[in-house]
2 protein chains.
Amino acid sequence: MRRLVKRPTMKDVARAAGVSPMTVSRAVSGEPGVSPDTAARVEQAVRQLGYQRNDNARSLRQKNLRTSTIGLVVDDLANPFYALMARSVEDEAHRRGFLVLVGSTNDEPRREREVIAAFTARQVDGLILVPTNGGHGFLKRQMDGGTCVVCVDRPAKGLAVDTVTVDNRAGAERAVSHLLGHGHTRIAYLGDRFDIWTQRERHAGYLAALASHGIPEDPALVRHELRSQSHAAAALAELRALSAPPTALFTTNDLITIGVMDGLGQPDPVALVGFDDFPLADRLSPPLSVVSQDPVALGATAANLLFSRIDGDRSAPRSVVLLTRLIVRGSGAGGGRPR
Amino acid sequence: MRRLVKRPTMKDVARAAGVSPMTVSRAVSGEPGVSPDTAARVEQAVRQLGYQRNDNARSLRQKNLRTSTIGLVVDDLANPFYALMARSVEDEAHRRGFLVLVGSTNDEPRREREVIAAFTARQVDGLILVPTNGGHGFLKRQMDGGTCVVCVDRPAKGLAVDTVTVDNRAGAERAVSHLLGHGHTRIAYLGDRFDIWTQRERHAGYLAALASHGIPEDPALVRHELRSQSHAAAALAELRALSAPPTALFTTNDLITIGVMDGLGQPDPVALVGFDDFPLADRLSPPLSVVSQDPVALGATAANLLFSRIDGDRSAPRSVVLLTRLIVRGSGAGGGRPR
DNA sequence: CTACGGATTGGTAACGTTCCCATGGACGTC
DNA sequence: GACGTCCATGGGAACGTTACCAATCCGTAG
């Protein structure tokens, strides 16, 4: 069992080096106006005592109030999509000497508020936010106080901040058009919660593709609120039981895609295109065609926007839309008909 | 463009409510000794001014120095395994009102030191650490200063702290025994960097299984340092070109497993068992048999240990070993022989 | 010899909060 | 009516650091 020792402060270092705390402060922070000789003595005292600057006290006192910490608020950090984004944000932060606080909201506005409040209470310099569908009025006050905010993956309703998204609607439209191009006309939509912006966009793309091919929408083929793989599997079973079942499926995220796969045969005459790429999608039978987005680019773009705001950029909020890519691997044709 | 407004402080709230800052402090932090009447006046002033307590200043002054922040240092946050762990740690922290700083080391001791130094400079109360292979002497000083440390996934050489791992050796031994049980005797080992503790353990398990079946080790069948899918694929190609190629493979992480899959036919006579489960492993052909570990349990266990330390537990360091599970799905037999 | 500029150093106050102790009033007891 | 007790409140100092300004020293110019 180790004894607890009080951490040394600048005062202790000053005493050991025979200088004033002010000089230690300058030496430790690498400011000019310290003779090489003195700097060496301070450095030796620092090493001997194992001194480490208290950055909390530092940021409390500093004029240009900077904590060099940002907050990242995502839907669910365990989701590989957000994990990749988080890593990308972390790398950008690390390059600039910033730290990252993370929090997951589970898409619950209440937890989002809690997490953001805890972050701003720690005086984060900025927030990268995957907003829930709740209101974000409370953020305006934080922004007045100097906290920069960037939204990523989805916009925040009624909040004028930099936003980075992908072209969900166009991506969905391309996916469904791909299915239409293979002659499918009964195409089912299997989506997640409709109060999530990306899902509404992807649904709009689905409708747009049908419309541009003159196919009427069939409400029986549209399923929302699929929160899990098992929900998705169940929805597929219901769809197949229809008197006029779908010949093709459009799934709006990886979880739903995987859930649906469990209900498909190998091979299966039903065609499938899903939103989100994932590892091994090319090893399935048939290889899965997907709309792919790049979470690393999303995170890096959001981080770069945020840091330019933190560096003082006060121009009008920007909106960046990254492009999705349709990756055709085979499952879009449907095993029952030749490609 | 919004004007920057100075954040209100307790002094401002005190003025607005007609009380002293001390009373505001008590009211805001829910301490006793404030009349309901006064508390209400303070609360109204808080709401009106949009006041939020500065938790950095708070933790600077507080006697029982607590920042209610922990640091999580993993190999790579983008790795789904660590992402799940991180989420689990975050949930435990959230339950207790703690925040989580995250950092990735890329398994580089230098970056590990940097990240940990940045965390402790912010006075984190504790660290959950996936240690690199570098020395950790510098951590002893931090622990003297009151920072609690728990290692997870791997132990840190020469550091007496709570550690949570899985039974890598037994898991590997079980996997290889499974292959041996199907009559395989030429079993290749495809592993990652040998300076990673888990890899050494899994290799030891591989050797133990061979030994207990009286099979001599063949160095030509052992490959280390496979850092990527393509490395793994290349190693497999080399193994298959041997005059006496292996009839079965043991791969020691999901990346290597997936890389190897790319070099296998569908089906393929070569059998395969991999360490780490992943989504869709059961949808491959043949369905993949794996040794599965539970990152959520790892994270939760480590977090619970850490928080009991933060709460003052000074007992001797504990070592918790969670169990892995062999999931038999078919690929362990080898497509060339009937199961 | 004095004045002066530059470089180095130190003293004091302050950041926003809480700890410690003192104060004052209400209330009950003898 | 005097006294002790409890509760609500406030004043001053301090946490570890840096901003600001003053002081000192050296060397050189006038």
Side-chain angles (χ1 to χ4, degrees), chain A residues 5-43 45-46 49-69 120-125 145-146, chain B residues 5-43 45-46 49-69 120-125 145-146:
Chain A
V5 178
K6 210 169 126 6
R7 286 196 160 88
T9 72
M10 282 195 170
K11 230 183 258 184
D12 302 318
V13 176
R15 202 169 9 244
V19 296
S20 78
M22 195 58 239
T23 301
V24 176
S25 170
R26 277 189 274 254
V28 167
S29 303
E31 279 173 33
V34 181
S35 74
D37 178 49
T38 309
R41 277 218 318 291
V42 169
E43 199 196 341
V46 164
L49 296 175
Y51 170 77
Q52 194 179 16
R53 188 176 58 194
N54 182 333
D55 280 356
N56 280 354
R58 176 177 158 84
S59 69
L60 173 63
R61 187 57 184 89
Q62 272 191 324
K63 207 62 190 183
N64 186 6
L65 206 47
R66 276 281 182 83
T67 53
S68 294
T69 304
T120 53
R122 257 73 155 200
Q123 315 295 112
V124 294
D125 297 324
Chain B
V5 178
K6 211 169 124 6
R7 287 194 159 89
T9 72
M10 281 191 172
K11 230 184 261 182
D12 302 319
V13 176
R15 204 172 5 249
V19 296
S20 78
M22 195 58 241
T23 301
V24 176
S25 170
R26 277 190 272 256
V28 167
S29 301
E31 277 173 36
V34 181
S35 73
D37 177 48
T38 309
R41 281 219 316 291
V42 170
E43 200 197 343
V46 164
L49 296 176
Y51 169 77
Q52 194 179 18
R53 188 177 57 194
N54 181 333
D55 279 356
N56 279 354
R58 175 178 160 83
S59 67
L60 175 62
R61 187 60 184 90
Q62 271 189 324
K63 203 67 190 180
N64 186 4
L65 205 47
R66 276 281 182 85
T67 53
S68 293
T69 303
T120 53
R122 257 75 156 198
Q123 314 295 112
V124 294
D125 297 324

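Protein chains get the first letters and strands the later ones, always in sequence-line order, with residue 1 at the start of each.
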Chemist: Could you tell me if the side chain of A:N56 sits less than 4.5 Å from the side chain of B:S59, heavy atoms only?
Modeler: yes

Chemist: Do the non-hydrogen side-chain atoms of B:L49 and B:V13 ever get within less than 4.5 Å of each other?
Modeler: yes

Chemist: Please state how far atom CZ in A:R122 lies from atom P in C:dG16, giving the value in whole angstrom units.
Modeler: 18 Å

Chemist: Do A:Q52 and B:T120 have side-chain N/O donor and acceptor atoms under 3.5 Å apart?
Modeler: yes

Chemist: Using a 4.5 Å cut-off on heavy atoms from C-beta on, say whether the side chain of A:M10 contacts that of A:Y51.
Modeler: yes

Chemist: If you define the side chain from C-beta out and look only at heavy atoms, does anything of B:L60 sit under 4.5 Å from A:N54?
Modeler: yes

Chemist: Dot-bracket for DNA chain C, please, read 5' to 3', with Watson-Crick or G-U wobble pairs under 3.5 Å on both distances, ( ) within the strand, [ ] crossing, | other strand, . unpaired.
Modeler: ||||||||||||||||||||||||||||||

Chemist: Separation of B:R41 atom CZ from D:dA8 atom C1', in whole Å?
Modeler: 12 Å

Chemist: I'd like to know if the side chain of A:S29 pairs up with that of A:R58 as donor and acceptor (distance under 3.5 Å, no hydrogens or angles considered).
Modeler: yes

Chemist: For a quick check, with a 4.0 angstrom heavy-atom cut-off, what is the B/S/- contact string for nucleotides 9-18 of chain D, read 5' to 3'?
Modeler: BBB-BBBBBB

Chemist: Determine the minimum heavy-atom distance between A:A16 and A:A45, stating which atoms define it.
Modeler: CB-CB, 4.0 Å

Chemist: Using modelled atom types only, decide if a donor and an acceptor are shared between the side chain of A:R122 and the backbone of B:T67 within a distance under 3.5 Å.
Modeler: yes

